[in-house]
*Asks:* 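Handing you a structure now.
Sequence lines set the chain letters: A, B, ... in the order given, protein chains first and strands last, and positions in each chain run from 1.
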Protein chains: 2
Amino acid sequence: MPTLDLDQDEIVAVSRELIAETGLDGFSMRKLAAALGVNPMTIYLRFENKDALLDAVATASLADFQAPTSNGPWATQVVDLAVELRRHLVADRETLRLLGDGDRLTSGLLGAVDRGLALMGQIYDGPAETVKAFRVLFWHVVGSALVAGTVSTLPGTQGGLSEAFAAEGADYPGLGRYAEHFGPVDPEELFAYTTHLLVNRLEADAGSLPEEALS
Amino acid sequence: MPTLDLDQDEIVAVSRELIAETGLDGFSMRKLAAALGVNPMTIYLRFENKDALLDAVATASLADFQAPTSNGPWATQVVDLAVELRRHLVADRETLRLLGDGDRLTSGLLGAVDRGLALMGQIYDGPAETVKAFRVLFWHVVGSALVAGTVSTLPGTQGGLSEAFAAEGADYPGLGRYAEHFGPVDPEELFAYTTHLLVNRLEADAGSLPEEALS
DNA sequence: ACCTGAACACCGTTCAAGT
DNA sequence: ACCTGAACACCGTTCAAGT
């Protein structure tokens with residue numbers, strides 16, 4: 001591996017800057033080359049293609065995450081981890097869209113996975129149950145982050161939904177009754193609430209394993 | 001509005017076929033025009049641009065959903081609705097990626113929203129609590145669908161993750177302990193389990209409102 | 001050994017021109 | 001009134017050519 005003026009790390013760093021500025025849609029190999037002051041083809045000497053470069057960008061973004069190690073009650077520690085991980089993923093929403101592979105996602109977040117497993121291991125005895133509980137929370141966090149990254153506005157934020165619901169009241173009687181209560185949603189608050197529900201239920205389950213499955 | 005050989009509905013129908021075949025990335029206005037046997041520019045007489053067309057595609061896909069009206073225990077009806085809605089969204093994962101606006105998503109799924117609200121209204125007294133409980137479940141479903149659509153493989157499906165985790169055992173003691181239990185995940189099963197946790201917790205909450213918030 | 005320019009096969013979209 | 005061809009400003013990537 002020869003010493004190079006332009007190494008992979010610099011290409012990734014500049015790529016992340018550009019993506020943060022112009023979004024993933026406005027990002028191109030040619031613009032990246034221009035920002036690097038280099039011929040577009042030079043990048044292909046370091047990365048096989050655009051996909052491989054974006055892989056490296058996503059990996060670098062995930063590696064930035066530092067799992068919080070708060071003290072306090074167990075449930076608070078779990079919620080902290082969930083909230084912080086979601087915040088990190090949402091902050092880098094453009095690169096979150098690049099994660100097309102679950103293995104890459106979890107292996108890129110080893111610190112978070114380690115911390116999450118440790119917390120679940122505190123209340124679950126069996127390793128299978130521990131991993132399952134971890135997965136419930138982990139994918140809940142990722143799902144919520146994807147919602148935040150994909151769906152730019154949650155219903156009601158823009159206004160007008162109540163009116164639309166009320167107008168459909170004839171066909172959908174349930175809508176008319178609740179239309180006026182479809183006010184703005186705070187995505188963070190909704191996430192925190194759902195997380196609390198899950199954490200409380202996981203905590204309760206751990207105390208009384210095995211519980212009868214519902215279906 | 002004159003009678004036209006090529007109306008919006010046909011363009012949308014053919015677009016959906018092409019997207020189902022080649023994916024969203026392989027879809028272009030030029031290929032669509034070729035499939036329609038028409039000049040690319042003719043499409044622009046019906047739709048302002050590609051974005052407007054994709055909007056119509058997403059709306060049409062959502063409109064296809066028929067909310068199930070199963071009988072049986074309350075929790076089963078709720079889980080049915082959640083599972084069916086997720087299945088519909090995942091089946092059309094390419095168009096799910098088009099939903100960039102929460103209002104469009106919910107107003108495109110009025111039947112599901114109506115049914116969900118009706119179910120939650122059965123156990124919650126106040127409309128605010130009913131809407132909140134509905135939102136917890138609705139966005140949980142959308143989040144899970146986005147995970148399934150964005151993250152093509154959940155960890156372990158490909159194998160190799162256990163080894164990767166074990167290798168990092170030195171830095172992350174928790175990982176080493178659970179590495180061998182990171183087997184394949186069935187996304188549907190994980191979704192069903194998480195949904196059960198949420199539904200059970202919502203049901204319990206409804207019986208004892210208001211409950212003390214955790215934070 | 002390392003970098004590049006020209007070229008290929010695509011895009012979405014504009015706009016003047018055809019019938 | 002309705003449709004289209006040529007053109008513009010972009011893409012990712014290949015490959016022969018330069019130093």
*Asks:* Can you check whether A:Lys31 has a side-chain N or O nearer than 4.0 Å to OP1 or OP2 of D:dC10?
*Replies:* no
*Asks:* Rounded to the nearest Å, what distance is computed from the CG atom of residue A:Leu36 to the P atom of nucleotide C:dT4?
*Replies:* 11 Å
*Asks:* In dot-bracket form, 5' to 3', how is DNA chain C paired? Count Watson-Crick and G-U wobble pairs only if both distances fall under 3.5 Å, and write | where the partner sits on another strand.
*Replies:* ||.|||||...|||||.||
*Asks:* If you only use heavy atoms from C-beta on, which nucleotide in C:dT4, D:dC3, C:dC3 is closest to the side chain of A:Arg46?
*Replies:* C:dC3
*Asks:* C:dC3 phosphate, OP1 or OP2: any side-chain N/O from A:Thr42 under 4.0 angstrom?
*Replies:* no
*Asks:* Are B:Arg135 and A:Phe182 in a cation-pi contact, defined as NZ or CZ under 6.0 Å from the six-membered ring centre and within 45° of the axis?
*Replies:* yes
*Asks:* Going by side chain to side chain donor-acceptor pair (under 3.5 Å), name the residues that satisfy it together with A:Asp186, two or more places apart in sequence or in a different chain.
*Replies:* none
*Asks:* Rounded to the nearest 0.5 Å, what's the gap from CG on A:Asp114 to CG on A:Leu110? Could you check?
*Replies:* 8.0 Å
*Asks:* Could you pull out every donor-acceptor pair under 3.5 Å between side chains of residues 60-70 of chain A and any protein atom, sequence neighbours left out?
*Replies:*
from, atom 1, to, atom 2, distance (Å)
A:Ser61, OG, A:Asp92, OD2, 2.4
A:Ser61, OG, A:Thr95, OG1, 3.3
A:Asp64, OD2, A:Arg16, NH1, 3.3
A:Asp64, OD2, A:Arg16, NH2, 2.9
A:Ser70, OG, A:Asp80, OD2, 2.9

*Asks:* Name every donor-acceptor pair, under 3.5 Å, that has one atom in a side chain of residues 49-58 of chain B and the other anywhere in the protein, sequence neighbours excluded.
*Replies:*
from, atom 1, to, atom 2, distance (Å)
B:Asn49, OD1, B:Asp51, N, 3.3
B:Asn49, OD1, B:Ala52, N, 3.0
B:Lys50, NZ, B:Phe27, O, 3.2
B:Asp55, OD1, B:Arg104, NH1, 3.2

*Asks:* Using atom P in both nucleotides, what's the gap between D:dA9 and C:dA9 to the nearest angstrom?
*Replies:* 22 Å
*Asks:* Taking N or O atoms only and anything under 3.5 Å, show me the protein contacts with nucleotides 13-15 of chain D, one pair per line.
*Replies:*
from, atom 1, to, atom 2, distance (Å)
D:dT13, OP2, A:Tyr44, OH, 2.7
D:dT13, OP2, A:Lys50, N, 2.9

*Asks:* Ignoring hydrogens and angles, tell me if any N or O in the side chain of A:Ser144 forms a donor-acceptor pair with the backbone of A:Val141 under 3.5 Å.
*Replies:* no
*Asks:* Among pairs that include at least one residue of residues 82-91 of chain A, which meet salt bridge (Lys or Arg N to Asp or Glu O under 4.0 Å), considering only residues two or more places apart or in two chains?
*Replies:* A:Glu84-A:Arg87, A:Arg86-A:Glu188
*Asks:* Please tell me whether B:His140 and B:Thr194 have a donor and an acceptor in their side chains that are separated by less than 3.5 angstrom.
*Replies:* no
*Asks:* Find the distance B:Ile43:CD1 to D:dT4:C1' and express it as a whole number of Å.
*Replies:* 13 Å
